[in-house]
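To start, the structure itself, in structure tokens.
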Amino acid sequence: MCNTGKYFVGTSFVGRTYDYYRNNFSLNNGFGTLQVYAGFNFYLKKEYRKNDKSKNNF
């Protein structure tokens with residue numbers, strides 16, 4: 001995803017599972033991390049700035 005706007009939001013999830021086996025014993029375990037983020041770009045690069053002066057408005 002290209003982040004070229006003034007604001008941005010997103011999510012990320014990472015899940016992991018672990019398995020352990022022996023003759024008379026087994027173990028299954030799961031772990032997950034969910035991240036939600038939002039932000040604001042203070043200074044955009046020139047090529048991503050919206051410049052109304054360069055457009056001809058008739």
Side-chain angles (χ1 to χ4, degrees):
M1 183 173 108
C2 187
N3 180 16
T4 60
K6 192 172 186 180
Y7 305 99
F8 62 91
V9 295
T11 59
S12 173
F13 178 76
V14 176
R16 298 178 186 267
T17 60
Y18 301 96
D19 299 325
Y20 178 80
Y21 294 101
R22 286 290 181 189
N23 291 338
N24 296 325
F25 179 75
S26 67
L27 176 69
N28 297 326
N29 188 13
F31 176 76
T33 302
L34 175 67
Q35 295 176 326
V36 179
Y37 53 91
F40 177 81
N41 288 321
F42 290 99
Y43 299 105
L44 296 176
K45 291 183 176 181
K46 279 187 178 181
E47 59 265 23
Y48 300 123
R49 290 182 193 160
K50 291 182 180 178
N51 189 357
D52 292 333
K53 293 178 184 177
S54 64
K55 295 179 182 176
N56 292 330
N57 295 327
F58 294 106

* To do: Applying ring pair (Phe, Tyr, Trp, His ring centres under 6.0 Å), name anything that partners Phe31, two or more places apart in sequence or on another chain.
  => none
* Structure fact -> In this structure, CG of Leu34 is separated from OG1 of Thr11 (nearest 0.5 Å) by 7.0 Å
Result block: side-chain N/O donor-acceptor pairs under 3.5 angstrom for residues 20-27, not counting sequence neighbours:
| residue | atom | partner | partner atom | Å |
| --- | --- | --- | --- | --- |
| Tyr20 | OH | Arg22 | NE | 2.9 |

* Any chance you could measure Tyr18, atom OH, to Asn28, atom CG, to the nearest 0.5 Å? => 13.0 Å
* Minimum heavy-atom distance between Phe8 and Phe40, given as atom pair plus value -> CE2-N, 3.7 Å
